[in-house]
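Data first, discussion second: the structure below is written as structure tokens.
Below, chains carry the letters A, B, ... as their sequence lines are ordered, and counting in each starts from 1.
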2 protein chains.
Amino acid sequence: MAEVLTAEAILVATEEVLRRYGPAKATVVDVAKALGVSHGSVYRHFATKAALREAVTRRWLDAIHVEMASVINPEGSAAENLKAWLQHLFDKKRLSHTDEPELFATFRVLVSESCAIPEYHVGHLVGQVARIIRAGVDTQEFVTDDVEKTAQAVWDATDRFHHPAHANEWGDPHIQDAFDAVVSLVIAGLRYNRVPSAAGDA
Amino acid sequence: MAEVLTAEAILVATEEVLRRYGPAKATVVDVAKALGVSHGSVYRHFATKAALREAVTRRWLDAIHVEMASVINPEGSAAENLKAWLQHLFDKKRLSHTDEPELFATFRVLVSESCAIPEYHVGHLVGQVARIIRAGVDTQEFVTDDVEKTAQAVWDATDRFHHPAHANEWGDPHIQDAFDAVVSLVIAGLRYNRVPSAAGDA
């Protein structure tokens with residue numbers, strides 16, 4: 001058995017064990033049992049329980065990053081892309097919180113176990129927002145002298161719709177209106193100071 | 001003694017008791033003891049412990065509302081007023097969280113005990129933001145077709161800097177930069193779509 005045991009198989013089994021037992025109870029022994037191997041075989045791939053949990057979390061977050069990147073339409077306007085991207089993230093988090101509250105809570109615990117993980121996750125997503133804004137600056141749809149800082153500001157300004165501390169507000173019947181109003185305000189902010197298209201340098 | 005016992009004196013004593021014992025342990029008997037009266041005398045003014053706690057919370061929030069309203073300078077521009085108002089709120093909350101963490105936690109518990117209280121508090125503050133925006137619309141500094149909705153959007157977009165769920169981020173050394181970036185973006189959003197001053201109706 002040991003020679004066919006891949007890191008990927010361990011990660012899949014660990015995610016399933018976490019889903020079943022929750023983050024407080026899931027152990028490496030449970031993962032080994034689910035795979036029909038000894039816990040030593042699991043430790044050969046992941047030196048510690050913490051390393052295994054971090055790898056599962058990163059794998060799960062990477063899937064989200066790929067999905068979020070796919071929302072960006074290279075043919076779309078920057079405003080359309082930003083709106084669609086923020087909406088997709090909000091819908092994804094809201095549905096996950098409503099439909100799979102235990103899994104949502106599990107991953108919330110996992111993400112908060114290491115300082116490196118939230119930084120990794122937020123860094124990736126803010127990087128995607130920066131990509132959208134940069135495209136908007138290139139087409140003169142948006143104006144900013146600091147794309148990275150502005151991307152972080154967009155992220156912060158919309159945190160009611162992605163930060164898990166606000167998850168209990170996502171069931172509010174007016175939450176979509178609130179989202180629309182904030183996103184409009186943010187997009188108007190990104191457009192302000194747009195250089196008139198006929199302006200010269202001199 | 002009973003004839004000089006005012007509701008105000010009870011509220012002052014209750015705040016002190018809450019400050020000393022915390023929200024979980026403070027009782028009406030403690031309040032009565034601190035005032036040297038029977039608990040019956042306290043109940044003559046406040047029918048239940050919940051009513052007393054709610055009255056203390058409202059009194060404390062009202063003082064904040066008065067202080068926040070005083071930040072608005074009738075001679076200032078709307079952008080200056082909005083920035084100063086948001087900064088004052090942020091500084092106030094941040095200092096309270098850093099310097100008096102137990103009192104901050106106490107009032108956080110009190111505010112969350114009744115659904116009416118957060119609505120009352122947020123409603124008041126969003127009303128002040130609406131007042132600032134309306135003044136900006138009157139002077140054509142800001143543009144919006146819905147002042148109330150926009151005020152709520154400004155409140156939501158800045159929640160990282162006033163919502164207690166984010167209090168653990170307020171010690172971040174870059175938090176003031178993050179605040180400045182969000183407030184800039186929001187103010188730019190409020191200015192966008194400004195009708196050119198020479199525009200006619202026809």
Side-chain angles (χ1 to χ4, degrees), chain A residues 79 82-83 86 90 108 112 115 118-119 122-123 126 129-130 133 136 141-170 172 174-194 196, chain B residues 79 82-83 86 90 108 112 115 118-119 122-123 126 129-130 133 136 141-170 172 174-194 196:
Chain A
L82 185 58
K83 196 171 177 176
L86 290 166
F90 181 36
R108 199 179 162 185
S112 65
C115 281
E119 262 184 51
V122 171
V126 173
V129 173
I133 294 175
E141 187 180 345
F142 290 160
V143 174
T144 172
D145 48 8
D146 188 334
V147 169
E148 308 300 328
K149 203 170 139 185
T150 303
Q152 184 64 51
V154 169
W155 180 258
D156 289 346
T158 53
D159 71 2
R160 190 175 177 208
F161 312 104
H162 53 69
H163 195 296
H166 294 279
N168 61 347
E169 302 164 29
W170 298 341
D172 183 315
H174 303 295
I175 194 78
Q176 182 62 44
D177 290 344
F179 172 90
D180 290 341
V182 168
V183 171
S184 272
L185 183 65
V186 162
I187 288 176
L190 291 168
R191 283 189 167 135
Y192 184 68
N193 278 342
R194 183 161 43 166
Chain B
L82 185 58
K83 196 171 176 174
L86 290 166
F90 181 36
R108 201 180 161 184
S112 65
C115 282
E119 263 185 50
V122 171
V126 173
V129 174
I133 294 176
E141 187 181 346
F142 291 159
V143 175
T144 173
D145 48 9
D146 189 332
V147 169
E148 309 299 327
K149 203 170 141 185
T150 303
Q152 184 65 50
V154 169
W155 179 258
D156 289 347
T158 53
D159 72 1
R160 192 178 176 205
F161 312 104
H162 54 70
H163 195 297
H166 294 280
N168 61 347
E169 302 165 29
W170 297 341
D172 183 315
H174 302 296
I175 194 77
Q176 182 61 44
D177 290 343
F179 172 91
D180 290 340
V182 168
V183 171
S184 271
L185 183 66
V186 162
I187 289 176
L190 291 167
R191 284 188 168 136
Y192 183 67
N193 278 342
R194 181 160 44 166

* To do: Applying side-chain contact (heavy atoms from CB on, under 4.5 Å), run through His166(B) and Asp159(A) and close with a yes or a no.
  => CA-CA 10 Å; His166(B) 294 280; Asp159(A) 71 2; 3.1 Å; yes

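Other residues, nucleotides and ligands contribute over 12 non-hydrogen atoms within 6.0 Å of the CG atom of Asn168(B). Asp145(A) CG: 12 or fewer foreign heavy atoms inside a 6.0 Å radius.
Taking chain B as the reference chain and counting heavy-atom pairs below 4.5 Å, the highest number among Leu185(A), Asp177(A), Asp146(A) is found for Leu185(A).
Heavy-atom distances place both the backbone and the side chain of Leu190(A) under 4.5 Å from chain B. Both the backbone and the side chain of Val154(B) have a heavy atom closer than 4.5 Å to some heavy atom of chain A.
With a 4.5 Å cut-off on side-chain heavy atoms, Gln152(A) and His174(B) do not count as touching.
The heavy-atom pair separating Val182(A) from Ala153(B) by the smallest distance is CG2-O, 3.6 Å.
To the nearest 0.5 angstrom, His163(B) atom NE2 is 10.5 Å from His163(A) atom NE2.
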